[in-house]
Amino acid sequence: MEVHAHLIILGLHQDARLRNLVVNVYSKCRCFGYARKLLDESPEPDLISWSALISGYAKVGTLKDSVSVFNGIAKADIVSWNAVIAGCVLLESHDCALELFREMNKESGVSPNTFTLSSALKACAGAGNREPGRQLHAYLIRSGFEYNNYIVNGLVDAYGKCGQSEDASRVFKESQTSDLLAFTSMITVYSQDGQGEEALKLYLEMQSQGIKPDAFVYSSLFNACASLSAYEQAKQVHVQVLKLGFIIDIFAGNSLVNSYAKCGSIDDAERAFREIPERSIVSWSAMIGGMAQHGHGRLALQMFNEMLKEGVAPNHITLVSVLCACNHAGLVTDAKRYFSSMEELFSVQPMEEHYACMIDILGRAGKLDEAMELVNTMPYEANAAVWGALLGAARIHKNVDLGSKAAEMLINLEPEKSGTHILLANIYASAGMWDGVAKIRKVMKDSNVKKEPGMSWMEIKDKVHTFIVGDRSHPRGKEIYAKLEELSEPLRKAGYVPMVETDLHDVEEREKAKLLYHHSEKLAVAFGLIATPPGAPIRVKKNLRICLDCHTAIKLVSKIASREIIVRDINRFHHFRDGLCSCGDYW
DNA sequence: ATAGGGTTAG
């Protein structure tokens, strides 16, 4: 403003070039009123000034003004097109950005450059369901922009966010880039796609090329460790960060908290949490969610209260975690209180997820009527999560009617999932309805639905050991089976009786008992006993829900062998210690 | 003058 005043005094404000410069200064200083007025009055406004104004409006969040300035330009040049498209992306109007991009290509006669394409790719990534597409990708190759770092990064990111990790990886490999951001994008794609091993491998390759990682890389890496449940790996990466002298930033810090929690160490998670200098709502949610998964319901609620005391407002995710904490700890009354007052106290309207969680809580606790009432009165159509919760409740409380109804709905919604059939078969079996079991077996055979094989993992140093039921291919297989044999007598004395569940495999009863004793989680625990020093905790991960028989057996093993055994199954953590499990047999 | 990567649940 002072500059403008000065120019007026000097009588120079009529000079077109100076005028435009002043407009730019105004735009940068976010004095858009002045900038626009000067431009409107200007006899020869230049495109540079208009573009600065377009982008300035977007940066303060007023897309309408940004677009209207753009629309007012008689003949837009490349920079003004780029500015308005980037503005749309910045404000997450991805479809608007792509629409403008199309219009530019078709009607304007202006050709896109790397700036335009970079924004267009980011719009594809943001829209999520719109992959870069053959046309755009082909254009990039034709135009020779293919190996530009911004473009490589944009393509990798867009393919990744659209769930096409193979395309992302192909682009990345072909580009042979050594750009930090492209590496980060590729590592992120792998870690979000559940390919933790690949993420860690690429991180090593990046280091061997002498590329210095930053906090962005580490937040993705910790996520990779979380998805692998790789405690030792997480620790190693954490040590590297500390050695590099980074003060962990908030994203990497949150990621680390989550990672330690998902790797089975809630204590390490809490230490990492306490070390975050400015904890955000994400930090608190991660910590509360972690405690919930570990079955520490009361502690999670304490944490939630501590958060409220510090004046941090919960969001919808925090409240899902809070309800989850109540669920895993069987705190029905608390859950009801939080659920019914969340809107009033925290201004968070209950969403589908909160309803699903509440229905799960009621169902598990055996309040099936209350659960159904909530299903019928909630403002949403019951989705797979809701029917899944009801099916689980029906299994626990042996309710055949509810179980078959829920299963029917689930099979319609997710026909490809085998778990539904299996759970329903379990319900029929526990009610002695063997013809029902046989019918399901036939349906599964006819529709080609295969039971997902149960698998368990155990990490020692930086090697992951995989186990499948009855598998003898592990290098120490003989010792593992010997260990199980050795345990069978003390187990029997402690009261263990094999619970031959209805298995959908066509095997003889005797075979079943043998298979049961060699379930993947039992193999992993036995391996843990022989491969780790006495007294060390044993951490196992399973891809499915832990089976009832294994749950009973591992409780007893924890006492017989004086070991803490931590099993992360598909839903939660089980901490076995001294003959008991943290889930209180409620899972 | 206009462009790139990361965190929490189910």
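Order of the sequence lines fixes the chain letters, A, B, ..., with proteins taken first and strands second; residue numbering starts at 1 for each chain. The structure presented is a predicted model; accordingly, all values stated were derived computationally and were not measured.
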**Prompt:** Given A:Lys201 and A:Glu197, is the salt bridge (charged side-chain N to carboxylate O under 4.0 Å, His left out) satisfied, shown in steps?
**Reply:** CA-CA 6 Å; A:Lys201 251 197 255 164; A:Glu197 294 282 357; over 6 Å; no

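Remark: the A:Asn223 side chain and the B:dG6 base include no donor-acceptor N/O pair separated by less than 3.5 Å. Residue A:Asp179 places a side-chain atom within donor-acceptor reach of the base of B:dG4, judged by atom type and a 3.5 Å distance cut-off alone. A donor N or O paired with an acceptor N or O is not found under 3.5 Å between the base of B:dG6 and the side-chain atoms of A:Asp214. You'll find a donor-acceptor pair under 3.5 Å spanning the side chain of A:Thr184 and the base of B:dG5, going by distance alone. The base of B:dG5 does not come close enough to the side chain of A:Ser185 for any donor and acceptor atom to sit less than 3.5 Å apart.
Nucleic acid contact for A:Ala86: sugar-phosphate only, since backbone atoms but no base atoms lie under 4.0 Å from a heavy atom of the residue. Note on A:Thr114: a base of the nucleic acid sits closer than 4.0 angstrom, heavy atoms only.
Between A:Asn258 and B:dT8, a side-chain N or O to OP1/OP2 separation shorter than 4.0 Å is present. At the phosphate of B:dG6, OP1 or OP2 sits under 4.0 Å from a side-chain N or O atom of A:Lys161. Phosphate contact (OP1/OP2 of B:dT2, side-chain N/O of A:Ser55, threshold under 4.0 Å): present.
We find that CG of A:Asn82 is positioned 5 Å from C1' of B:dT2, with the value rounded to whole Å. Summarising the geometry, the separation between CD1 on A:Ile85 and C1' on B:dG4 is reported as 16 Å, rounded to the nearest angstrom. Here B:dG10 presents its P atom at 13 Å from CG of A:Asn315, a figure rounded to the nearest Å. Here B:dT7 presents its C1' atom at 16 Å from CH2 of A:Trp284, a figure rounded to the nearest Å. For A:Leu121 and B:dG5, the CG to P distance is 11 Å, given to the nearest whole Å. Rounded to a whole Å, the CZ atom of A:Phe222 is 17 Å from the P atom of B:dG6. Between A:Glu146 atom CD and B:dG4 atom P there is a gap of 21 Å when expressed in whole angstrom units. Per the geometry, CD belonging to A:Gln192 stands 10 Å off C1' belonging to B:dG5, to the nearest Å.
Minimum atom distance to the side chain of A:Ala83 is reached by B:dT2, of the listed B:dG6, B:dT2, B:dA1. The side chain of A:Asn148 lies closest to B:dA3 when the candidates are B:dA3, B:dG4, B:dT7. In the set B:dG6, B:dT2, B:dT7, B:dT2 carries the atom at the smallest distance from any side-chain atom of A:Val79. Residue A:Lys262 places its side chain closer to B:dA9 than to any other of B:dT7, B:dA1, B:dA9. Nearest to the side chain of A:Phe115, among B:dT8, B:dG4, B:dT2, sits B:dT2. In the set B:dG6, B:dG5, B:dA9, B:dG5 carries the atom at the smallest distance from any side-chain atom of A:Val217. The side chain of A:Glu353 has B:dA9 as its nearest neighbour among B:dA3, B:dA9, B:dT2. Side chain of A:Ser285, nearest nucleotide from B:dA3, B:dG10, B:dT8: B:dT8. Closest to the side chain of A:Cys324, out of B:dA1, B:dG5, B:dG10, is B:dG10. Set against B:dT8, B:dG6, B:dA1, the side chain of A:Ala252 has B:dG6 as its closest nucleotide.
Ring centers of A:Phe145 and A:Tyr150: at least 6.0 Å apart, outside the cut-off. Taking the ring centroids of A:Tyr338 and A:Phe304, they lie under the 6.0 Å cut-off. Checked against the 6.0 Å centroid threshold, A:Trp81 and A:Phe101 do not count as a close aromatic pair.
Side-chain atoms of A:Asp77 come within 3.5 Å of backbone atoms of A:Ser80 as a donor-acceptor pair (strictly under, hydrogens ignored).
Aromatic ring orientation, A:Phe573 versus A:His294: parallel (interplanar angle below 30°, classes split at 30° and 60°). A tilted orientation is assigned to the rings of A:Tyr231 and A:Tyr260, their planes being inclined by 30° to 60°.
The existence of a salt bridge linking A:Asp267 and A:Arg271 is excluded, since no basic side-chain nitrogen approaches an acidic carboxylate oxygen closer than 4.0 Å.
When all heavy atoms of A:Gly297 and A:Leu331 are compared, the closest pair comes out as C-CD1, 4.3 Å.
Within residues 293-311 of chain A, no residue approaches DNA chain B, by heavy-atom distance under 4.0 Å.
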